[in-house]
Amino acid sequence: MPLEIITIPCLADNYAFLMHDPDSGVTGLVDAPEAAPIKAELDRRGWGLDFVLLTHHHWDHIDALDELRQIYKPSVVGAEADAHRLPPLEVAVKEGTAFSFAEEDVQIIEVPGHTVGHIAFYLPESRAVFTADSLMALGCGRLFEGSPAQMWHSLNKLAALPSDIMVYSGHEYTQSNADFALTIEPDNPALQARVAGIKKARNAGVATVPSPLSLELSTNPFLRAGVAEVKQAMGMQGHDSEQVFTEIRKRKDNF
Ligand code: ZN
Ligand code: FE
């Protein structure tokens, strides 16, 4: 049975996510940006906290961990490669590590680029992937540590997942990502429609995360560096997809 997944706005523009198995009562949290809103949501629902899954070491994804650990004593799951700079981990994982949550298989996908130790959590039965600052709604994370080649490879791993899953990314950056995406593909009708929806949602204070992977594939410029129309729109026919991705990322950094 699919998990119940709850989006929790934290800090200025971060998202944390609760996942809960109604049968067993097991509850997990993906990333820990801010204790108060997470605690409020758990209290309101009468849930404990059994696991915290960390995507990467940036402070805005781990800051609340100490406080939550004292209250709920969860098992903390994070990347083995970054164990030296993550909070203490009960479970250190890497790609291929068998991990399950409430009897649901959780696949660890290494997605370096934003940081070198960034991981994503893919839950096939719940049709969900938690990507934080790797693949984002209509964007991708900035390359603080990794190379464009690494991020391109990471995004391709995520793009290869079943397209009917939902992408749970780490920030509400979609509006500004939309403004940028339109500079790359102004004539993409799927993008135009999505941007109109984003405007409406943000005006109503509604989150644009999660987003369907299928929609990212048809509109997210960072996933579309290999598409002929995109190469042409950028004047980069004949360049390979990785070069096109590198140029899109560069333009976004200067946007
Ligand atoms: Zn980050
Ligand atoms: Fe972040």
Side-chain angles (χ1 to χ4, degrees), residues 5-19 28-38 41 52-68 76-87 89 92-95 108-122 128-155 157-158 166-181 198 202 207-211 216 220 222-223 245 248-250 252-253 255:
I5 301 177
I6 313 290
T7 302
I8 308 176
C10 293
L11 303 172
D13 55 29
N14 276 79
Y15 288 121
F17 304 98
L18 290 176
M19 44 197 209
L29 170 72
V30 180
D31 284 344
E34 187 183 17
I38 294 166
E41 196 67 48
V52 179
L53 282 60
L54 299 176
T55 59
H56 66 297
H57 76 282
H58 282 159
W59 73 272
D60 63 314
H61 298 256
I62 64 171
D63 208 40
L65 194 62
D66 284 350
E67 196 175 334
L68 294 172
V76 179
V77 183
E80 186 179 283
D82 264 350
H84 62 286
R85 57 180 181 173
L86 285 166
L89 302 175
V93 295
K94 58 185 177 188
E95 196 159 291
I108 314 298
I109 304 174
E110 291 176 353
V111 286
H114 178 68
T115 68
V116 293
H118 200 306
I119 54 176
F121 301 96
Y122 170 42
V129 65
F130 296 93
T131 59
D133 301 354
S134 57
L135 174 60
M136 308 185 82
L138 214 42
C140 79
R142 283 167 64 105
L143 303 179
F144 286 115
E145 297 179 1
S147 64
Q150 269 178 322
M151 182 61 103
W152 177 239
H153 182 63
S154 297
L155 293 181
K157 285 195 212 175
L158 297 170
M166 296 298 281
V167 179
Y168 293 78
S169 52
H171 290 267
E172 184 60 60
Y173 290 164
T174 319
Q175 179 82 71
S176 62
N177 288 342
D179 294 340
F180 173 73
I198 290 164
R202 293 314 295 153
T208 62
V209 173
S211 53
E216 298 305 331
N220 185 325
F222 296 97
L223 290 183
F245 171 79
I248 297 174
R249 191 56 256 180
K250 199 167 97 190
K252 177 67 163 65
D253 290 340
F255 183 67

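Counting starts at 1 for both ligands and their atoms, in listed order. Side chains included, hydrogens not; waters and symmetry mates left out as well; all remaining heavy atoms used. All values derive from a computational prediction rather than experimental measurement.
In summary, H114 places no N/O/S atom under 2.8 Å from the Fe ion (ligand 2), failing the contact criterion. The Zn ion (ligand 1) does not have D60 among its coordinating residues (no N/O/S atom, backbone or side chain, under 2.8 Å). Checking H61 against the Zn ion (ligand 1), every N/O/S atom stays at or beyond the 2.8 Å cut-off. In summary, no N, O or S atom of H58 is located under 2.8 Å from the Fe ion (ligand 2). In summary, an N, O or S atom of H56 is located under 2.8 Å from the Zn ion (ligand 1).
Note on K157 versus E110: no salt bridge recorded, every NZ/NE/NH1/NH2 to OD/OE distance being 4.0 Å or above. Salt-bridge check for D82 with R85: passed, with a basic side-chain N closer than 4.0 Å to an acidic carboxylate O.
For the pair NE2 of H171 and NE2 of H61, the angle whose vertex sits at the Fe ion (ligand 2) is 110° to 10 degrees. The Zn ion (ligand 1) lies at the vertex of an angle of 170° between the OD2 atom of D133 and the ND1 atom of H58 (rounded to 10°).
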Decide yes or no on side-chain contact (heavy atoms from CB on, under 4.5 Å) for L135 and V129, but give the supporting numbers first. CA-CA 10 Å; L135 174 60; V129 65; 6.0 Å; no
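Shortest distance from the Fe ion (ligand 2) to D133 is reached at OD2 (N/O/S atoms only). D60 has its closest N, O or S atom to the Fe ion (ligand 2) at the position named OD2.
To the nearest 0.5 Å, atoms NE2 (H58) and CD (E145) are separated by 5.5 Å.
Looking at E34, its side chain never comes within 3.5 Å of a backbone N or O of A64 through a donor-acceptor pair. Here the side chain of R249 pairs a donor or acceptor atom with the backbone of G141 at under 3.5 angstrom.
Aromatic rings of H171 and H61 (six-membered ring for Trp) have centroids within the 6.0 Å cut-off, being under it.
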